[in-house]
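Read through the structure below, which is laid out as structure tokens, and then see the notes.
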Amino acid sequence: MTRTFLPHVITDDSALGGSVIEKSLRFSKYDNAYLSRTPSAQGDRRVFTLSWWMKLGQAGVKTPTTTIFSAQRSTLNPDFQINLYEHALIIMGNKDGNSSSYMMSLVTEQVFRDPNSWYHCVVAFNTNEGTSSNRIKIYVNGSQVTNFAAGSTGLSHNTYPSSGDQTSWGTNEATQNIGRRYDGDKYFDGYLAEINYVDGSQLDASSFGYTEFQTGIWRPKRYTGGYGDVNNGFYIDFSDNSSITNMMLDKSGNGNNLSPDN
């Protein structure tokens with residue numbers, strides 16, 4: 001009996017292998033749980049990337065609005081929010097933090113309803129781009145999101161920043177919140193894992209994951225690039241649960257550890 005063995009085609013990604021996410025952090029909206037950090041120096045508020053994996057808790061699925069990332073400088077700057085609202089992912093910011101005039105407002109048509117699924121999200125900014133739709137790029141499980149729909153609050157479905165606009169993320173004059181809105185509201189309920197904040201670069205999803213050839217499943221891989229300004233970029237993997245402090249350690253080498261509350 002003759003057996004024929006088909007060769008396995010080794011691609012760049014399969015040669016690297018998928019990264020196994022060892023741990024995640026559970027956020028409970030009922031405990032007002034969140035993480036925070038204030039940068040010690042000004043970062044790039046126009047160009048940066050946020051990447052994370054999330055799984056929704058039952059309360060997170062049912063709650064009208066929960067906030068994943070937020071920051072607000074006290075004056076003369078827009079607020080910064082990445083929210084889940086009515087199951088859609090929303091990237092938004094008011095011009096002065098209070099008015100209804102939006103510097104940016106993107107509401108995805110894609111919705112997040114399944115509490116049993118992990119979602120990988122990337123939101124990448126470069127407000128210096130000449131084409132407005134390139135100033136904020138959103139990826140979910142490796143695919144770029146290009147369809148947006150108006151939310152029931154009347155948010156515009158595709159308002160992009162003006163050229164050169166600065167956000168409140170990355171400034172040493174605003175606390176970065178993970179798991180709640182900056183004013184102490186809209187707490188996230190669910191799990192977060194593999195949080196990467198890359199200062200000064202607009203990256204796509206391929207920096208953090210790849211599609212497995214055999215299954216077609218989007219899988220994580222370790223980000224191997226730099227994190228930009230040493231006072232800003234961070235990588236939190238929650239892998240060391242020997243203590244709460246160790247769980248929040250920044251593994252990027254910058255030492256930008258997060259502080260936990262509740």
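Position 1 is the first residue of the sequence, and the numbers go up from there.
Using a distance-only test at 3.5 Å, with no hydrogens or angles considered, a donor-acceptor pair links the side chain of Ser252 to the main chain of Asn254. Asn232 places no side-chain N or O within donor-acceptor distance of the main-chain N or O of Asp199, the cut-off being under 3.5 Å. Checked by atom type and distance alone, the side chain of Thr175 never pairs as donor or acceptor with a backbone atom of Thr38 at under 3.5 Å. Judged purely by atom type and a 3.5 angstrom limit, Thr108 uses its side chain to pair as donor or acceptor with the backbone of Leu89.
Residues Met248 and Leu35 are in side-chain contact: their nearest non-hydrogen atoms beyond the backbone lie under 4.5 Å apart. Side-chain contact check for Ser162 versus Met103: every heavy-atom pair is 4.5 Å or farther apart. Side-chain contact between Met247 and Leu25 is present, with at least one heavy-atom pair separated by less than 4.5 Å. Proximity of Leu258 to Ile236: side-chain heavy atoms (C-beta onward) are separated by under 4.5 Å at one or more points. Side-chain contact check for Trp53 versus Leu192: every heavy-atom pair is 4.5 Å or farther apart. By the 4.5 Å heavy-atom criterion applied to side chains, Phe188 and Arg180 are not counted as neighbours. Contact of the Leu203 side chain with the Val198 side chain is registered, since non-hydrogen atoms from C-beta on lie closer than 4.5 Å.
Side chain to side chain, Tyr34 and Asn262 fail the donor-acceptor criterion of an N or O pair below 3.5 Å. There is no side-chain donor-acceptor pair under 3.5 Å between Lys186 and Ser70. Using modelled atom types and a 3.5 Å distance limit, the side chains of Ser259 and Ser36 yield no donor-acceptor pair. Thr65 and Asn83 share no donor-acceptor pair across their side chains, judged by distance under 3.5 Å alone. Judged by distance alone, the side chains of Asn196 and Glu194 never bring a donor and an acceptor atom under 3.5 Å apart. Between the side chains of Asn126 and Arg135, no donor-acceptor pair of N or O atoms lies under 3.5 Å.
Across Phe80 and Thr167, no two heavy atoms sit closer than the pair CD1-CB, 4.1 Å. Counting all heavy atoms, side chain and backbone alike, Gly255 lies closest to Asp250 at N-OD2, 3.1 Å.
Between Arg26 and Asp189, at least one side-chain nitrogen of the basic residue sits less than 4.0 Å from a carboxylate oxygen of the acidic one, meeting the salt-bridge criterion. Salt bridge status for Arg46 with Asp44: absent, with no side-chain N to carboxylate O gap under 4.0 Å.
For Phe112, the CZ atom is densely surrounded, since the number of other residues' heavy atoms within 6.0 Å is greater than 12.
For the side-chain contact (heavy atoms from CB on, under 4.5 Å) with Trp52, the qualifying choice from Val123, Val122, Ile178 is Val123, the only one to do so. Exactly one residue among Arg73, Gln42, Gln166 makes a side chain to side chain donor-acceptor pair (under 3.5 Å) with Thr171. That residue is Gln42.
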Going through the checks in order, is the side-chain contact (heavy atoms from CB on, under 4.5 Å) test met by Leu106 and Met92? CA-CA 6 Å; Leu106 297 173; Met92 61 178 289; over 6 Å; no

For Phe208 and Tyr235: C-alpha separation, side-chain torsions, deciding distance, then whether ring-ring contact (aromatic ring centres under 6.0 Å, His included) applies. CA-CA 12 Å; Phe208 309 98; Tyr235 165 53; 9.4 Å; no

Derivation of the side-chain contact (heavy atoms from CB on, under 4.5 Å) call for Phe27 and Asn32: CA-CA 8 Å; Phe27 291 73; Asn32 295 346; over 6 Å; no

Before giving the answer on ring-ring contact (aromatic ring centres under 6.0 Å, His included), spell out for Trp169 and Tyr197 the whole-Å C-alpha distance, their side-chain angles and the decisive distance to 0.1 Å. CA-CA 10 Å; Trp169 189 268; Tyr197 162 36; 5.7 Å; yes

How far apart are the C-alpha atoms of Phe69 and Leu50, what are their side-chain angles, what is the distance that settles it, and do they pass the side-chain contact (heavy atoms from CB on, under 4.5 Å) test? CA-CA 9 Å; Phe69 298 93; Leu50 288 165; 4.2 Å; yes

